[in-house]
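Numbers restart at 1 for each chain; the letters A, B, ... are given by sequence-line order, proteins then strands.
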Protein chains: 2
Amino acid sequence: MSKPIGSTPPSLRRLNASALLRHALGSDVFTASDAMASTGLSRATVIGLCDELVERGWLEELADTRGDDYRLGRPARRYTLRDRAGLLVGVDAAPHHVTTIVADLRGAVVERVTRRLDPDAVTPDERRAFVASVVDDALDAAGAVDADVLSCVVAVPAPTDAEGASPYGRGGWWASMNPGYAQEFAARGWQVVVENDANLAALAERALGEGRNVPSFATLLSGERFGAGFVVNDRLVRGSRGATGEMHVLELVSDVGSADGLGLLARKWVREAREAGELPAGSVLARLPLDELQAPAVFAAADAGDAAALAIVERLAERLARIAAILAGILDVDRMIVAGAVAPSVGLLLERARPYLERFSRPSAPDLVASTLGDSVVGLGAVTRALDLVREDPLSFSPAEPVQAGAEAP
Amino acid sequence: MSKPIGSTPPSLRRLNASALLRHALGSDVFTASDAMASTGLSRATVIGLCDELVERGWLEELADTRGDDYRLGRPARRYTLRDRAGLLVGVDAAPHHVTTIVADLRGAVVERVTRRLDPDAVTPDERRAFVASVVDDALDAAGAVDADVLSCVVAVPAPTDAEGASPYGRGGWWASMNPGYAQEFAARGWQVVVENDANLAALAERALGEGRNVPSFATLLSGERFGAGFVVNDRLVRGSRGATGEMHVLELVSDVGSADGLGLLARKWVREAREAGELPAGSVLARLPLDELQAPAVFAAADAGDAAALAIVERLAERLARIAAILAGILDVDRMIVAGAVAPSVGLLLERARPYLERFSRPSAPDLVASTLGDSVVGLGAVTRALDLVREDPLSFSPAEPVQAGAEAP
DNA sequence: CGACTTGCTTCAGGGTCTAAATATAGGTTA
DNA sequence: TAACCTATATTTAGACCCTGAAGCAAGTCG
């Protein structure tokens, strides 16, 4: 193998190689001409870099040299990212369940494994081991080993610091939700980031969802508790502890209410109504078994026109609008994205919330939309971030098992 | 003069020259060895770059070659930023007054001119002309001409977009506060930025005030209306329209109140109390002429122990604490800085606000401090930003009147 | 099959950096 | 005062890496 790219500090070669690799990460198959346009380098340079990146295992040259989009002239050599040059691992380590997504360097999901756990039945150490086992299962299912992985991002329902730890308040709950994932996975030789779940949800929306091409938006993760992730001027705003969007302060502002999420409130309110005997006999909500009396049932009943459900939705709508107006007003974002497991069923809720939002917003109201990423937002955000880690400085990673080009005699 | 630095696109030379120039902007006098340590370049390269930057008018070489800090060895050549290589202009274009600060490339204030105007007595065009005339006066006083200026930043009490315009709501008031400053000054060949005043105040605090070395903080500009500027993770968060921190939405949240600022509220409440006859006869506030019954008088009376003034301060304290808690909680900042003309007199107010803030904050309360920059914050923020513009890419500017080195025969 | 089109390869040239050798401008010391 | 010492300046050779131009190669088209 040739001398490592960019041995001396300011190396142009290294910068150019990174730029080329970023181009490769962002495109499917490409030719030297494509890369020339994208990087501004000359053909000779691009081809030299491609050769080197092939040798190092990042790229491979395709056999079928000509694509179908043109016919004249000498066919261009075509390169593409090597399929298994490296894998990315994204983990959603939520209180009640753990999801691991394994993706390739293009961000395509290779494997996805979810397992539930009882948050009250595990110690922090057991939780960490559980998460590790889910990751192992996902890698096994993908036919991969630790060495295939370049980076790993873990989403936790807690603020995190630069080291990926959560040594903060809430009576140790935050720390118990983040029992040393950073060390756990760094020990495998991976580049690891541990990040707040709402922040990662925002990154998923930017890359794959409703945040595409929106320079400033907020993502409201709104199941049991509200949590917000902000992308402002195309940049994630995470704060000192990654606690931007932790909305516990809202508990203290009347008319805005607690930081309770839509899922929790819908369940609570419908049960209160039933216990108080306020549900009309005709309502489906009066007959459901208690353990099915949850947010999805309420939203479904409202969609079907049930008056009691509609009343609850209306209350939720006003509350959501207040929170959205405050966040959007303070941070000057253009769009609010409601994400999480409830997202697919909040259509009517958002419809009802928009007039309130219009009224509460100065000078103009943001868009209010539902995420299309369902309950995978956080996991997808984690792999998105893992991919970003690679994109930031690809050459700091070594791809798995470089190609053994024809062995050269010394 | 030699060929322009960095003629071919990816030029390392240009990057290195910029890095060296940034070093020069941040240090007083420096030697090649200093620059080598700062940039990582070799001596030969550094000296080559210094020669070139001297030739182009950015640097000058000092005559006294040896400083006093060492004695042995060959004395090092010493360089420094050329004093008048360029000037920076910062303008605080507030409703009632216009301040222009002229500074040199080290950020040192060279000249400062303030003039008052009556916001109701001028058309937008007249306002623009007025601001331009204040700038002219300041430059005249500094003995400078337009060509000496590299960049100019104008602070306006309005949101601004990327082009420096304010085509937004509030019944045209915002637009009237920003009547085309960008074009006005760009026509002089200056690099111009028009930015919201609270955002610039935050930049001033970061560079010169209570925000130094604090990675995340907010600056509350709190005279007639509240406006906030946020620096999170060492980066200004300005939002789509630069309207981050416009707090009109707070008008709709009860217990938090309007976006009225401390100055306005103190005046309003003390006058209400007097009209309602609630001021005890012993209070100094009962005897002051009405036009002196303003925030400073209230704060001064409170400092002296006046009970009526203390009651007002207590009310202000709770309100300030609520706003601070919400902003700090949502954005996860470590410190709130109260800035503006009232800043020097809010000591007691902040003292009273801290217990409230402690109570309202989860998990931990931010620092609450008063700015030390007084009523110059905004103007200083504008020059700070103007200097940042130069720092970002120094070589895109041409310093004024380059040195005429010994004329070479062609 | 030859003309044509497009991409590749090679090579000379130039810009820029570094490392090492050498020169220089002072102090320090005998 | 002269020899020495130190830290810096200057010069030089060499390496790296990019570009542009010229020529070669691999296809399609008529």
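In this structure, B/S33 reaches the sugar-phosphate backbone alone: every heavy-atom distance under 4.0 Å involves primed, P, OP1 or OP2 atoms, never a base.
For A/L72, taking side-chain heavy atoms from C-beta onward, the closest of the listed nucleotides C/dT6, D/dT10, C/dT16 is C/dT6. Among the nucleotides D/dA9, C/dC8, C/dA19, the one closest to any side-chain atom of A/I47 is C/dC8. If you check C/dC8, D/dT19, D/dA9 against the side chain of A/L41, the one that comes closest is D/dT19.
For B/T80 and B/R106, the side-chain atoms include at least one donor-acceptor pair closer than 3.5 Å. Using modelled atom types, one finds a donor on one side chain and an acceptor on the other under 3.5 Å when comparing B/S33 with B/R43. Looking at A/R56 and A/S398, their side chains never bring a donor and an acceptor atom within 3.5 Å of each other.
Atom CG in B/L12 sits about 15 Å away from atom C1' in D/dT19, given to the nearest Å. Taking atom CG of B/L15 as the reference point, atom P of C/dG15 lies 18 Å away to the nearest angstrom. Straight-line distance from the CZ atom of A/R77 to the P atom of C/dT6: 20 Å, rounded to whole Å. In this entry the distance linking CG of A/D51 with P of C/dC8 reads 11 Å, nearest Å.
Between B/N16 and C/dT16 there is no side-chain N or O to OP1 or OP2 distance below 4.0 Å. Contact annotation: B/T31 side-chain N/O to D/dT8 OP1/OP2 distance is not under 4.0 Å. Between A/R13 and D/dC16, a side-chain N or O to OP1/OP2 separation shorter than 4.0 Å is absent. For the OP1/OP2 pair of D/dC17 and a distance below 4.0 Å, the side-chain nitrogens and oxygens of A/T45 include no atom meeting the criterion.
Between B/L105 and the options B/L88, B/L87, B/L21, a side-chain contact (heavy atoms from CB on, under 4.5 Å) holds for only B/L88.
The nearest heavy atom of DNA chain D to A/S42 and to B/Y79 marks one nucleotide each, and the one closer to the 5' end goes with B/Y79. Map B/V46 and A/R43 each onto its nearest nucleotide of DNA chain C; the residue landing nearer the 5' end is A/R43.
Classification of the B/F30-B/H23 ring pair by plane angle, with boundaries at 30° and 60°, yields perpendicular.
For B/R74 and C/dT24, a side-chain-to-base donor-acceptor distance below 3.5 Å is present, hydrogens and geometry of angles not being considered.
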